[in-house]
There are 2 protein chains.
Amino acid sequence: MAPNRTSPDLSYLLDHTSHVLRTRMAAALAEIGLTARMHCVLVHAIEEERTQAQLAEIGDMDKTTMVVTVDALDEAGLAERRPSSTDRRARIIAVTEKGVEVARQSQEIVDRVHAEALGSLAVEDRDALLSALTALATGHLAQPAESQARRARQRS
Amino acid sequence: MAPNRTSPDLSYLLDHTSHVLRTRMAAALAEIGLTARMHCVLVHAIEEERTQAQLAEIGDMDKTTMVVTVDALDEAGLAERRPSSTDRRARIIAVTEKGVEVARQSQEIVDRVHAEALGSLAVEDRDALLSALTALATGHLAQPAESQARRARQRS
DNA sequence: TATTGTTATACTCTATAACTATA
DNA sequence: TATAGTTATAGAGTATAACAATA
């Protein structure tokens, strides 16, 4: 939505900046053949042994979205599915050596894109932005509220 | 994407806060039967005589998306298509009396949702957030860069 | 009975293409 | 030749439903 003038248009500012940053990030990660989701799964799968369900929870993805993300990582030779030793239903996502190297590169890319954006701000604006956004994300805007969409889904 | 710890995760903060705010806004506007797009079109159509194409430009919508938005406003009795007096191809979007009243309400809702979010912040955080976001939105994050998506679309 | 992961499918949103009528 | 608006359609992205294996 375009800015309106009756109040500082927080919606426009957040939508626009997040959209542009996401587009930038997607383009930057695409240069090494990754999507943001693949990067996210790689990073968290490296941290410790995690199942698809756990990684889906962390990345706020549907389990079916997770399947295609892991498929992509597998086809690219960056990760593999291994049976869990404790639950024969579950698959541990094991990152390959190549996957670890690619994750290192992708994390550099992510950090660079963030740094470029934040670097365009005055130092004091930078800290203020991050602290204010963190306050919102952990406070008043932590949860999508009782969304119409979610209710509609539950109804059907 | 979930937060990662190697840098302040600007992507996560912007994506999360904008998504939650958009969901809140959609739910709040839905109570009077509007979408964010309908609100946007109403407000800018009231300001002055504008054609569908001009309103699409302002709201950053495709002209085909504009058609369904105007259809919805028309069916709700909030706006009408009128032939332009200067260009017989173009349609002026004329807001009805009821549309003006609904736009007043929807603007109140928009302002309230924004005020609730900003009101949860310390006063100094509030101003800093808006000024930093404005700086990003008009500066480094003004444009989606040369996006892969756009190029892909042009290719096909 | 519930859960993990998979497949197939449906749905939503939006863009593309093709068209009419004007310019 | 280009543009405004419309229609129909296709595409991306994601969620839902149903299933098999296991808990």
Side-chain angles (χ1 to χ4, degrees), chain A residues 1 15 18-19 22-23 25-27 29-30 35-38 40-41 45 49-75 79-94 144 147-156, chain B residues 1 15 19 22-23 26 30 35-38 40-41 45 49-75 79-94 144 147-156:
Chain A
M1 198 187 335
D15 282 352
S18 72
H19 173 247
R22 177 168 39 238
T23 304
M25 193 64 81
L29 287 173
T35 62
R37 286 199 172 119
M38 288 164 78
C40 179
V41 169
E49 283 213 346
R50 287 187 165 124
T51 66
Q52 286 190 204
Q54 290 170 330
L55 291 166
E57 166 75 20
I58 291 171
D60 193 30
M61 298 176 219
D62 191 87
K63 61 181 180 177
T64 59
T65 306
M66 192 65 192
V67 170
V68 304
T69 305
V70 174
D71 284 350
L73 289 172
D74 190 0
E75 279 158 32
E80 295 165 358
R81 291 172 168 94
R82 287 198 199 143
S84 162
S85 53
T86 58
D87 183 339
R88 286 200 288 173
R89 296 170 304 181
R91 314 295 182 88
I92 300 293
I93 301 309
S147 83
Q148 305 293 84
R150 189 167 299 275
R151 276 199 233 119
R153 253 183 264 134
Q154 287 173 342
R155 249 186 260 120
S156 65
Chain B
M1 201 187 333
D15 282 351
H19 173 247
R22 178 167 39 237
T23 303
T35 62
R37 285 198 173 122
M38 287 164 79
C40 178
V41 169
E49 282 213 345
R50 285 184 165 127
T51 67
Q52 288 189 202
Q54 290 171 328
L55 291 165
E57 166 75 22
I58 291 171
D60 193 31
M61 298 175 220
D62 192 86
K63 61 182 180 174
T64 60
T65 305
M66 192 65 195
V67 170
V68 304
T69 304
V70 174
D71 284 349
L73 289 173
D74 191 0
E75 280 157 31
E80 295 166 357
R81 291 172 167 94
R82 289 200 198 144
S84 161
S85 54
T86 58
D87 184 340
R88 285 201 290 174
R89 296 170 304 181
R91 313 296 180 87
I92 300 294
I93 302 309
S147 83
Q148 305 292 84
R150 190 167 299 276
R151 276 199 232 116
R153 254 182 263 133
Q154 286 171 347
R155 252 186 257 120
S156 63

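Each chain gets a letter, A, B and so on, in the order its sequence line appears, and its residues count up from 1.
A/Arg89 places its CZ atom 4 Å from the C1' atom of C/dT3, with the value rounded to the nearest Å. Rounding to whole angstrom units, NE2 of residue B/His19 and P of D/dG13 are separated by 17 Å. Going from atom CD of B/Gln54 over to atom C1' of D/dT3 covers 13 Å, rounded to whole Å. If you take CG of A/Asp62 and P of C/dT9, they are 18 Å apart, rounded to a whole angstrom. Rounded to whole angstrom, the span from the CZ atom of A/Arg37 across to the C1' atom of D/dG13 amounts to 8 Å. Between B/Asp60 atom CG and C/dA15 atom P there is a gap of 8 Å when expressed in whole angstrom units. The separation between B/Met66 atom CE and C/dA15 atom C1' is 16 Å, rounded to whole Å. Atom CD of A/Glu57 and atom P of C/dG5 are 13 Å apart (whole Å).
Taking both residues in full, the closest heavy atoms of A/Ser18 and B/Asp15 are given as CB-OD1, 3.7 Å, listed atom of the first, atom of the second, then distance. Scanning all heavy atoms of the two residues, the minimum distance from A/Thr65 to A/Arg37 falls at CG2-NH1, 3.6 Å.
Position along DNA chain D of the nearest nucleotide to A/Thr86 versus A/Lys63 favours A/Lys63 as the more 5'-ward residue.
Under the 4.5 Å side-chain criterion, counting only non-hydrogen atoms from C-beta, A/Met38 is in contact with A/Thr35. The side-chain heavy atoms of B/Arg91 and B/Val70, taken from C-beta on, include no pair separated by under 4.5 Å. In this structure, A/Gln54 and A/Ile93 have side chains that are not in contact, with every pair of non-hydrogen atoms separated by 4.5 Å or more.
The side chain of B/Val67 approaches D/dT7 more closely than any other nucleotide in the set D/dA4, D/dT7, C/dT6.
Considering only side-chain N and O atoms, B/Arg91 lies nowhere under 4.0 angstrom from the phosphate OP1 or OP2 of C/dA21. Within the structure, a side-chain polar atom (N or O) of A/Arg88 is placed less than 4.0 Å from OP1 or OP2 of D/dA23. For A/Arg81 and C/dT6, the shortest distance from a side-chain N or O to OP1 or OP2 is below 4.0 Å.
Backbone-only engagement by B/Thr51 is indicated by non-hydrogen atom pairs under 4.0 Å involving sugar-phosphate atoms exclusively. Residue contacts shown for B/Thr64 include a base, since a base heavy atom lies under 4.0 Å away. A/Asp87 comes within 4.0 angstrom of sugar-phosphate atoms only, judged by non-hydrogen atoms across all strands, and of no base.
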